[in-house]
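Have a look at the structure below, then the notes.
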Amino acid sequence: MQRITVLGATGSIGVSTLDVVARHPGRYSVYALSAHSRVEELAAQCVQFRPARAVVGTAAAADRLAALLRAAGVKTEVEWGEQALCSIASAAETDSVMAAIVGAAGLAPTLAAARAGKKVLLANKEALVMSGQLFMDAVHASGAVLLPIDSEHNAIFQSMPQFGGKMPEVRDASAGIAKILLTASGGPFLTRDVATLDAVTPEQACKHPNWSMGRKISVDSATMMNKGLEVIEAHWLFGAPADRIEVVIHPQSVIHSMVSYTDGSVLAQLGNPDMRTPIAHALAYPERIASGVAQLDLTQMAGLHFHQPDFERFPCLQLAFDALRAGGTAPALLNAANEVAVQAFLDLKIGFRQIDRVIAHVVDTLPHGDAHSIEAVMAQDAAARAAAEACVAGLAK
Ligand code: NAD
Ligand code: MG
């Protein structure tokens, strides 16, 4: 029996995770669940999965959850706040942690799971973008097993060589890897007239052609910052230098990414665009379990297309490559500015094309530091948020 903590249980990834878990009652048990504010949904999950512990964002939310659980006769212990999140991520009673909180809020508990040597199922890419070296150091020091949930990175993981059960780094010459080919759908605005992008609404930006996801990552997909964050994520997960990661637009989202080898081979992972496939892969790794996803029927595909990304249409993609090359805390600045700008766009304070302007302003004006400690990273995160808020306020006038 594998005991699981799901951080961000009420989100898109959290719900998909519990869907897979529910298909295998003899194999997985839920130790703990967390949610920020969707208390009713979390209560329903507690009734179904009977976790020992549940964590929410505030004392008021905890009171509401406790009352709902009392009424339902469920004995789950209710807690709140970041300390409690770190505690359910690192407790001796849990084996695996699904890190599916969105944004920088997920960093502390995800890192706590890594430090505690857990099997970490990483959906929360922002945590790795902010603190890549520190995070990977923690994984190596504790012997944690880090498995990517992001569909592209899960596909790359499945397409990487294994030497005696160990995965080499892309930068190791002996691995024979030429490049990582990171596929991108291009999102809802791939072919829209660029001149009309200023007028798009949050609803249009969140309407992804292939995937159903939370609102923040949906906007990131529309700006292609999501792919930018994934480039940085791939750098850390696979030891890949920036110039060996190539973004390839593939609008159908059937190939989820590829590894190109020096002998001319290209290995890819294919599947229907449903996150339950990478979730099931990581949950059961190295075994395979049913995920509820239909088998891919290639004969029903109209065609698979590939082309290069347009960096002028998607300036966020360039900003992310630049931050990766700059190193240090530049990716943390990029991530924080992006979180503020995306929220401002969702709140109708700025237009879609102002998202990249806010990020560029923050990354260009704030000094980049050394990412030698979590405190240093969090200080840069806070400075970037303040600068981005000020920039948003200026633009919103
Ligand atoms: P979502 O918005 O649907 O869910 C986010 C979850 O995080 C919710 O459970 C929410 O309660 C919790 N949360 C939000 N703010 C919080 C805070 N301040 N403190 C604690 N918890 C908080 O997001 P999602 O689409 O499920 O994405 C989650 C993560 O997975 C993101 O990092 C995203 O980039 C990544 N991811 C998602 C997908 C996808 O298909 N949805 C694919 C790849 C990667
Ligand atoms: Mg992805």
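Numbering of ligands and ligand atoms starts at 1, following listing order. Residue numbers start at 1 and run along the sequence shown.
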Distance from [atom] to nearest protein heavy atom, with residue and atom:
| atom | result |
| --- | --- |
| atom 6 (C) of ligand 1 | A100 O, 3.6 Å |
| atom 36 (N) of ligand 1 | I217 CD1, 3.6 Å |
| atom 5 (C) of ligand 1 | V102 CG1, 3.7 Å |
| atom 27 (O) of ligand 1 | I13 CG1, 4.2 Å |

With a cut-off of 4.0 Å, which atoms of ligand 1 are near a heavy atom of A105?
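So the answer, numbered in order with elements, is 17 (C), 18 (N), 19 (N).
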Once the angle between the rings of F352 and F189 is folded into 0 to 90°, is it parallel (under 30°), tilted (30 to 60°) or perpendicular (over 60°)?
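Because their plane-to-plane angle is over 60°, the rings of F352 and F189 count as perpendicular.
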Do the ring planes of F157 and H281 sit parallel (below 30°), tilted (30 to 60°) or perpendicular (above 60°)?
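Perpendicular.
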Looking at E93 and R53, does any basic side-chain N land under 4.0 Å from a carboxylate oxygen?
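No.
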Between the side chains of E203 and R215, is the shortest nitrogen-to-carboxylate-oxygen separation below 4.0 Å, so that they form an ion pair?
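Judged by the 4.0 Å cut-off on N to carboxylate O distance, R215 and E203 do form a salt bridge.
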Indicate yes or no: does an N/O atom of [X] lie under 3.5 Å from an N/O atom of ligand 1?
| X | value |
| --- | --- |
| H36 | yes |
| E126 | yes |
| T10 | yes |
| G11 | yes |
| S34 | no |
| G14 | no |

Part of A9 with heavy atoms under 4.0 Å of ligand 1, whether side chain, backbone, both or neither
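Backbone only; the side chain of A9 stays clear of ligand 1.
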With respect to L122, which candidate in V97, L146, I149 satisfies the side chain to side chain contact (heavy atoms under 4.5 Å, CB included) definition?
L146
Side-chain donor/acceptor of R3 to backbone N/O of D95, under 3.5 Å
no
On a heavy-atom basis, I'd like to know which of L128, L229, D274, I101 is closest to atom 21 (N) of ligand 1.
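It is I101 whose heavy atom sits nearest to atom 21 (N) of ligand 1.
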